[in-house]
Amino acid sequence: MVITLTPDATEPESPDLVNPLRRLAAALPARPRRVILVSSTRVFDGDPGARELTEDDAPAPASQRAQALLDSEIEARRLFDAVVIRPAGIYGPGREHLIRQVARGLPIDRNRRTNRIHESDLVRALHELLRMSTPPSTLHAVDGHPATRGEVADHIARRLRIPPPPALPTGPSGHIISGRRLKALLGTLRYPDYRSGYDDIIAAGDFRR
């Protein structure tokens with residue numbers, strides 16, 4: 001069983017992610033052999049971001065949303081002995097927000113450190129966690145090639161043959177998340193970095209302004 005309760009921007013700042021897990025546990029006739037909770041690397045939003053973070057680092061939630069995610073991880077482990085996977089920056093067909101933002105020439109936070117995973121590689125990771133006999137208790141789903149949002153936006157702009165987007169007046173933020181454990185699990189990713197992933201999306205779509 002794969003549980004996806006990750007809050008999005010339309011949900012409250014402090015979503016209730018614990019009680020849905022408890023209701024699910026109460027409704028099931030028996031605990032599934034394998035349970036995976038899809039969380040988020042946002043549980044590290046209180047970390048200063050100056051060093052690479054691995055699965056062995058303790059989460060440092062600073063916002064209510066991040067704390068809600070961490071609470072759901074703790075409860076899922078208690079109720080289901082769940083494996084926790086934390087994706088960062090999921091993108092792919094239908095998840096093209098940054099491409100469209102660049103195409104419109106909107107200002108971006110160019111200094112923010114970002115991590116991402118193509119949805120096809122995330123699905124591969126989930127499949128592997130479901131089938132393997134001894135999965136890791138925690139897995140960060142990132143491609144292992146972090147980049148600033150400005151670097152990613154500049155690459156997208158080059159592919160669209162338009163000027164790069166302007167910068168918002170912000171300093172460095174965000175995190176660098178290690179993808180070593182995911183690479184050890186899957187071997188070569190289908191999309192090992194943002195260039196290969198965004199190139200395929202742009203080639204398949206029409207993102208003219």
Side-chain angles (χ1 to χ4, degrees), residues 6-9 38-63 65-66 69-70 73 84-93 95-102 106-126 128-129 136-160 164-202:
T6 308
D8 59 34
V38 180
S39 181
S40 169
T41 56
R42 187 167 182 168
V43 295
F44 291 106
D45 72 356
D47 191 281
R51 60 189 177 84
E52 184 181 65
L53 297 169
T54 74
E55 290 85 351
D56 296 326
D57 286 296
S63 65
R65 193 178 292 259
L69 285 164
L70 180 57
E73 290 184 8
V84 172
I85 185 169
R86 296 173 180 152
I90 305 170
Y91 73 106
R95 295 177 176 268
E96 304 147 351
H97 173 73
L98 184 58
I99 299 176
R100 299 189 184 281
Q101 191 175 15
V102 172
L106 299 177
I108 64 166
D109 184 352
R110 297 184 61 87
N111 294 314
R112 184 170 182 81
R113 294 176 288 260
T114 62
N115 307 267
R116 62 200 50 75
I117 186 74
H118 193 281
E119 61 185 17
S120 64
D121 286 314
L122 176 57
V123 170
R124 288 179 61 208
L126 289 168
E128 187 66 19
L129 291 174
S137 62
T138 307
L139 180 66
H140 290 165
V142 297
D143 63 19
H145 288 271
T148 65
R149 187 165 290 164
E151 290 171 330
V152 181
D154 287 350
H155 178 79
I156 292 171
R158 285 192 295 271
R159 289 294 182 264
L160 296 177
L168 292 170
T170 57
S173 61
H175 301 91
I176 299 173
I177 307 292
S178 171
R180 287 189 293 273
R181 184 173 291 181
L182 179 67
K183 185 175 181 180
L185 187 75
L186 296 182
T188 303
L189 300 184
R190 180 177 179 184
Y191 295 101
D193 57 43
Y194 67 86
R195 296 177 183 86
S196 57
Y198 279 114
D199 285 357
D200 269 12
I201 299 170
I202 292 170

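Heads up: numbering here begins at 1 and tracks the sequence.
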Can you classify the ring geometry of H118 versus Y191 as parallel (below 30°), tilted (30 to 60°) or perpendicular (above 60°)?
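H118 and Y191: parallel rings.
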What orientation do Y198 and Y91 show, parallel under 30°, tilted 30 to 60°, or perpendicular over 60°?
parallel
Report yes if some heavy atom in the side chain of P87 is under 4.5 Å from a heavy atom in the side chain of V38; otherwise report no.
yes
State, yes or no, whether a side-chain contact exists between S63 and R42 at a heavy-atom distance under 4.5 Å.
yes
If you take all heavy atoms of [X] and [Y], which pair is closest and at what distance?
| X | Y | result |
| --- | --- | --- |
| I176 | R113 | CG1-CD, 3.9 Å |
| V142 | S178 | CG2-O, 3.4 Å |
| L53 | H140 | O-ND1, 4.1 Å |
| P107 | L168 | CB-CD2, 3.6 Å |
| A157 | P164 | CB-CA, 3.8 Å |
| R149 | D109 | CB-O, 3.3 Å |

Please report the C-alpha distance between R95 and R116 in whole Å, then the side-chain angles of each, then the deciding distance to 0.1 Å, and finally whether the side-chain contact (heavy atoms from CB on, under 4.5 Å) criterion is met.
CA-CA 12 Å; R95 295 177 176 268; R116 62 200 50 75; over 6 Å; no
Salt bridge check, R181 against D56: does any charged N sit closer than 4.0 Å to a carboxylate O?
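Here D56 pairs with R181 in a salt bridge, since their nearest N and O are under 4.0 Å apart.
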Can a salt bridge be assigned to the pair D45 and R65 using a cut-off of 4.0 Å between side-chain N and carboxylate O?
no
Checking [X] side chain against [Y] main chain: does a donor-acceptor pair fall under 3.5 Å?
| X | Y | answer |
| --- | --- | --- |
| S173 | R112 | no |
| H175 | D47 | yes |
| E119 | I90 | no |
| R124 | L186 | yes |
| R86 | T41 | no |
| N115 | I177 | yes |
| R110 | A153 | no |

If you apply the rule side-chain contact (heavy atoms from CB on, under 4.5 Å), what do you find for R51 with D57, and how did you get there?
CA-CA 11 Å; R51 60 189 177 84; D57 286 296; 2.8 Å; yes
Hey, what do you get for [atom1] ([X]) to [atom2] ([Y]), rounding to the nearest 0.5 Å?
| X | Y | atom1 | atom2 | answer |
| --- | --- | --- | --- | --- |
| L185 | E128 | CG | CD | 5.0 Å |
| E151 | H145 | CD | NE2 | 12.5 Å |
| L189 | D143 | CG | CG | 6.5 Å |
| I85 | L126 | CD1 | CG | 4.5 Å |
| I156 | R158 | CD1 | CZ | 10.0 Å |
| H155 | D193 | NE2 | CG | 8.0 Å |

Applying side-chain contact (heavy atoms from CB on, under 4.5 Å), run through L139 and L182 and close with a yes or a no.
CA-CA 7 Å; L139 180 66; L182 179 67; 3.9 Å; yes
